[in-house]
Protein chains: 2
Amino acid sequence: MRKSYPFGSRATMSETVLSQAALNQATDSHEEPKTLVEGAYQRLRRDIIEGVHAPGEKLRVEHLKEHYDVGAGTLREALLLLVTDALVVAQGQRGFRVAPISIADFEDITRTRVLLETEALRQSIASGGEDWEAAVVAAFHRLSRAEQRLADHDVGTTEEWESRNRAFHEALISASSSRWIRHFQHILYQQSERYRRISLFRQPIARDIHAEHQALFEATMARDATRATSILTEHILRTLDAVKRMPADFFTSKSKR
Amino acid sequence: MRKSYPFGSRATMSETVLSQAALNQATDSHEEPKTLVEGAYQRLRRDIIEGVHAPGEKLRVEHLKEHYDVGAGTLREALLLLVTDALVVAQGQRGFRVAPISIADFEDITRTRVLLETEALRQSIASGGEDWEAAVVAAFHRLSRAEQRLADHDVGTTEEWESRNRAFHEALISASSSRWIRHFQHILYQQSERYRRISLFRQPIARDIHAEHQALFEATMARDATRATSILTEHILRTLDAVKRMPADFFTSKSKR
DNA sequence: GATTGTTAAAATCTCGAGAAAATATATTGA
DNA sequence: TCAATATATTTTCTCGAGATTTTAACAATC
């Protein structure tokens, strides 16, 4: 049997922290769910991000447990896990609710993302090694292929594009020395993904997006932190404009009592 | 059945988000617990921050439920809530554990705090109104009194000082437009509080700390963002030096099996 | 002595049902 | 008709117990 704890071994401090996942939420995306709670958590998260459960909507355990096919307690735990991602809010004796949305919130998310992601990119560029470079190259390649396919109107690949876009952005900052920034970035990215999907402004992913990615990629590989962060900032902020052009009453709540 | 999605009421955007607490963890500090889960959550959080449960320690539900006097399921939920604060980590089929600590982690926390807190202060100075100013003045006054008492060796007030110190820092950034930054800042502050308490380097709160607070306060009231953020940066980073001077093996020990 | 395999103990995960609270509905009175 | 109160229904919260998995203890083999 193996020692399962982080201390007392010979590992250096940084290894100690790096090796164990202090900042993991229970299940990080595409991993195999080891437990019913995690399974329900993953499915619920997907449904919320994709808008199956609308913002502000009440999440009644009694109803949901059927659909997700787990017990009431199990579903409650999954809901609690989603509070970590700020996709669900829990209120005292009044159950759970999908986190509401608003333009102001999206603007906040976007600007905070810029703050964190540019800093993380700066750190990556400063201290990233060959492994990081290789990962960025690979992620960019995969993303480029997907964007090319999209441009050629091979449908059914927008799902794929979103996944690879996330992977690219995460690769860029993967060499950042700050686990906390990456943790917060992950949460914010999830949030913005929800906005992108809910608003139908899933515009057919404009052509110049690829040009932006290309420029971002090149500046990064050239280790030009100033230029890279500048491009990244513009890149992120652009999605904000799109939302601001939405009909003004689009986000005004709803929810049932 | 009724439309379950969020559009169509009359509330303004900002009201929608401001009124409800999208980023609240279940119980924000000193509020009355409305539920057993919240009560256990608060007590557990306090115990973890104060080091009653050591970093890396396994948190066995069967044992803890006695001490906190709640059922197993209830305690599990409280534990899950603590995952949101990154004070507890949950691993698949292997239960819960107090989040481990390390020098590298504390350095990360501190630097990320600087990034977020200076930005939030900048925003507060830029857009804070009279209410904000009044709140800062009040918080500073209360902190000053506590520091004065501490200097006069009236004991038993270090608890009080910590509370007022937190209140002062939160007041400074309370006018920030970014709910997300404040949310993340709150989490990081909690984390660093744990480090401060665990390491015995509860040094008797050096005298010049008050001078720093004074300078920070004055620069803020003068709306000098550059100077204020500079002081704040130094102020936060100073705690880092203290920890780095700890014996090297301080963080490696403890945790049981 | 160290590794591997087997068995026993402990802990986690999961569910269903009862108690408490909140929400919806009905009743009453102006 | 409207407001206020009382009743009924729904939903959340909580607990205890069974099934599964992990962990520990021990034996056997190389």
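Numbered from 1 within each chain, the chains take letters A, B, ... in sequence-line order.
Qualifying side chain to side chain donor-acceptor pair (under 3.5 Å) partners for B:D69, counting only residues two or more places apart in sequence or in other chains: none. The side chain to side chain donor-acceptor pair (under 3.5 Å) check on B:R194 picks up nothing, with sequence neighbours excluded. Taking A:F168 as the reference, A:F140, A:H213 meet the ring pair (Phe, Tyr, Trp, His ring centres under 6.0 Å) condition, with sequence neighbours excluded. Residues satisfying the salt bridge (charged side-chain N to carboxylate O under 4.0 Å, His left out) criterion with B:R142, sequence neighbours excluded, are absent altogether. With sequence neighbours excluded, the residues forming a side chain to side chain donor-acceptor pair (under 3.5 Å) with B:E119 are B:R122, B:Q123, listed by chain and number. Every residue was checked against the side-chain contact (heavy atoms from CB on, under 4.5 Å) condition with B:A167, not counting sequence neighbours, and none meets it. Qualifying side-chain contact (heavy atoms from CB on, under 4.5 Å) partners for A:A175, counting only residues two or more places apart in sequence or in other chains: A:S124, A:W132. Taking the side chain to side chain donor-acceptor pair (under 3.5 Å) definition, one finds that B:R111 meets it with B:E107, sequence neighbours left out. The side-chain contact (heavy atoms from CB on, under 4.5 Å) check on A:E193 picks up A:I49, A:E162, A:Y189, A:R196, A:R197, with sequence neighbours excluded.
Across the protein-nucleic acid pair, A:L75 atom CG and D:dC13 atom P stand 12 Å apart, rounded to whole Å. One can place CD of B:Q91 at 13 Å from C1' of D:dT23, the figure rounded to the nearest angstrom. As a whole-Å value, the separation of B:E77 CD from C:dT12 C1' is 15 Å. Between A:R97 atom CZ and D:dT12 atom P the separation is 10 Å, expressed in whole Å. Rounding to whole angstrom units, NZ of residue B:K34 and C1' of C:dA20 are separated by 14 Å.
In plain terms, the two heavy atoms of A:L115 and B:L115 that are nearest each other are CD1-CD1, 4.2 Å.
Minimum atom distance to the side chain of B:T74 is reached by D:dT14, of the listed C:dC13, D:dC13, D:dT14. Taking only side-chain atoms of A:R76, from C-beta outward, the nucleotide of D:dC13, D:dT21, D:dC15 with the closest atom is D:dC13. Distances from the side chain of B:R94 to the nucleotides D:dT23, D:dT14, C:dT14 place D:dT23 closest.
Nearest-nucleotide mapping onto DNA chain C: of B:Q93 and A:Q93, the residue sitting toward the 5' end is B:Q93.
Direction change of the helix axis from one end of the helix from C:dG1-D:dC30 to C:dA30-D:dT1 to the other is 20°, with five pairs defining each end axis (rounded to 10°).
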Distances for protein N/O vs nucleotides 8-11 of chain D N/O pairs under 3.5 angstrom?
none

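Sorted by residue number, the members of residues 65-72 of chain B with any non-hydrogen atom under 4.0 Å from DNA chain D read B:V70, B:G71.
Under the side-chain contact (heavy atoms from CB on, under 4.5 Å) rule, A:H53 has a single partner from A:L44, A:L87, A:V88, which is A:L44.
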